[in-house]
Number of protein chains: 2
Amino acid sequence: MSAPQRATLEAAPARADVRRNRRRLLDAARAAFTEGGVDAPPSEIARRAGVGVGTLYRHFPDRASLVDAVLGDRYDTLRDEADRLLDACATSGAFAALTTWLDLFACHLALFQGMADSLRPTLLEPAVDAARGCDAMLAAWDRLFTRAQQSGAIRRDARPRDILRAVNALRWATQGTPTATQEADRLRALLLDGLRYQHTDGIRAGR
Amino acid sequence: MSAPQRATLEAAPARADVRRNRRRLLDAARAAFTEGGVDAPPSEIARRAGVGVGTLYRHFPDRASLVDAVLGDRYDTLRDEADRLLDACATSGAFAALTTWLDLFACHLALFQGMADSLRPTLLEPAVDAARGCDAMLAAWDRLFTRAQQSGAIRRDARPRDILRAVNALRWATQGTPTATQEADRLRALLLDGLRYQHTDGIRAGR
DNA sequence: ACCTGAACACCGTTCAAGT
DNA sequence: ACCTGAACACCGTTCAAGT
């Protein structure tokens, strides 16, 4: 009864000026995020958009919803890439598919300053956040990861969500430095070598 | 001329009530950190200590100095442990020494909530913070790490500071969950396997 | 000298008034 | 319905007044 109405309202707001405000807010937020990271002050975003702060809060009740709206269909794209790479496993190998996708994921994390912090609760298990439109992506990653395990490309005693959390964390570790991306890549390569390390003696690393 | 005076003043404040206030502030801060993490509000710390907020700021101008004061000689202890383990390399092996020390480091990071965030700038290179009394520890870690590289226990294309940043980040990734320590241990073990992974074909992991 | 806590500055969010 | 921005709540820091 009310479900279709809500869907319609969310998809296409009634008035033209409301759509225009939403568009302006998204553009302003993207610009502010690019310059100051996802923690850019609401007042600045509203000022850039030429609207009052109240309008910002009316359109996007909390920061997560604003960030997600700016991100748009990025998570869908990442899911599609994961599915595409799953098909490519047969020819290119499961490990290559894994690292290729994680490069894309790392690139996504580097979009704005503060993305790693923003995503941390979402990647926890059980997730603290309601999943922010990235459920499908996470599921696709799980499939890709499981395939790599089944093909013997990576060790079996690792969990898919762990790796995402770790990649996110390694990005966080280097943020704010001029060579952040380069250093995060290096740390990720190290982690991935650990992931494909095959134990020959049954002894766990560490203690 | 003025250096000895300053040292004397820092070591033993003139008045008894000043020493008492400092002691109370440290006890209160430790308690507040334990309950609410290192970001515990100054007002709460002052209230617990039974002093005004101004007294807190007089004794500890910024939060980093308060955290470091509460930490006390922990960094010296960690440095001593690193030196001790350096001597033990001959008998127990360099890799075991490395992982043992990193376990201690990880344990240190778990002392209070928010420790990872607090330490991140300090572990950057070039360090953003003035080194917070952990220079000696970092130097000792460098020695332990170099020894492990020379003995062939770990790969040569890794940097000591990288690993510390990564271990810090992996702790950050799991903080706030009931099984944070356990999960951080698991991720660290993965990273360490990557660290001792010896390339047999010259091909780097990932692209 | 040192301590106090009101005052100040700042920032995120809400909501009464206006269109 | 939606928009505005002053008002509110909150929190970290400072500093004039007091001891």
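Because the structure is predicted, anything quoted here is derived from the model rather than measured. Letters A, B, ... mirror the listed sequences (proteins, then strands); counts begin at 1.
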CZ of A:Arg22 versus C1' of D:dA1: gap in Å, rounded? 17 Å

For the pair made of CZ in B:Arg20 and P in C:dC2, what is the distance, rounded to whole Å? 14 Å

Check for a donor-acceptor pair, side chain of A:Thr55 on one end and backbone N or O of A:Val51 on the other, with a separation under 3.5 Å. no

Any strand, both distances under 3.5 Å, Watson-Crick or G-U wobble: D:dA6 pairs with C:dT14

Which atom pairs link the protein and nucleotides 5-11 of chain D when you take only N or O atoms and keep those under 3.5 Å?
| unit_1 | atom_1 | unit_2 | atom_2 | d |
| --- | --- | --- | --- | --- |
| D:dG5 | O6 | A:Gly54 | N | 3.2 |

Please determine, for the side chain of A:Tyr57, which listed nucleotide (D:dT13, C:dC3, C:dT13) has the closest atom? C:dT13

With no hydrogens and no angle check, is any side-chain donor or acceptor of B:Gln149 less than 3.5 Å from a backbone partner on B:Ala158? yes

Can you tell me if A:Arg161 has over 12 outside heavy atoms packed within less than 6.0 Å of its CZ? yes

N/O (side chain, A:Asn21) to phosphate O (OP1/OP2, D:dC2) under 4.0 Å: no

Can you check the A:Phe60 CZ to C:dG12 P distance for me, whole Å? 17 Å

Under a 3.5 Å limit on both distances, the Watson-Crick or wobble mate of D:dA1 is C:dT19

Could you state the CD-C1' distance from A:Glu44 to C:dG12, rounded to the nearest angstrom? 14 Å

Determine whether the side chains of A:Ser118 and A:Arg132 contain a donor N or O and an acceptor N or O closer than 3.5 Å. yes

Please give, in whole Å, the distance from D:dT13 P to B:Asp62 CG? 9 Å

Can you find a side chain N or O atom of B:His59 that sits less than 4.0 Å from OP1 or OP2 on C:dC3? yes

Cation-pi between B:Arg120 and A:Trp172: NZ/CZ under 6.0 Å from ring centre and within 45° of the ring axis? yes

How long is the line joining CZ of B:Arg19 and P of C:dC2, in whole Å? 12 Å

Mind calculating the distance between CZ (A:Arg58) and C1' (D:dA1) to the nearest angstrom? 7 Å

Quick check: are there more than 12 heavy atoms from other residues, nucleotides or ligands sitting under 6.0 Å from CZ of B:Arg63? yes

Parallel, tilted or perpendicular: which fits the ring planes of B:Trp141 and B:Phe145, with parallel below 30° and perpendicular above 60°? tilted

Rounded distance in Å - CG (A:Leu56) to P (C:dC15): 16 Å

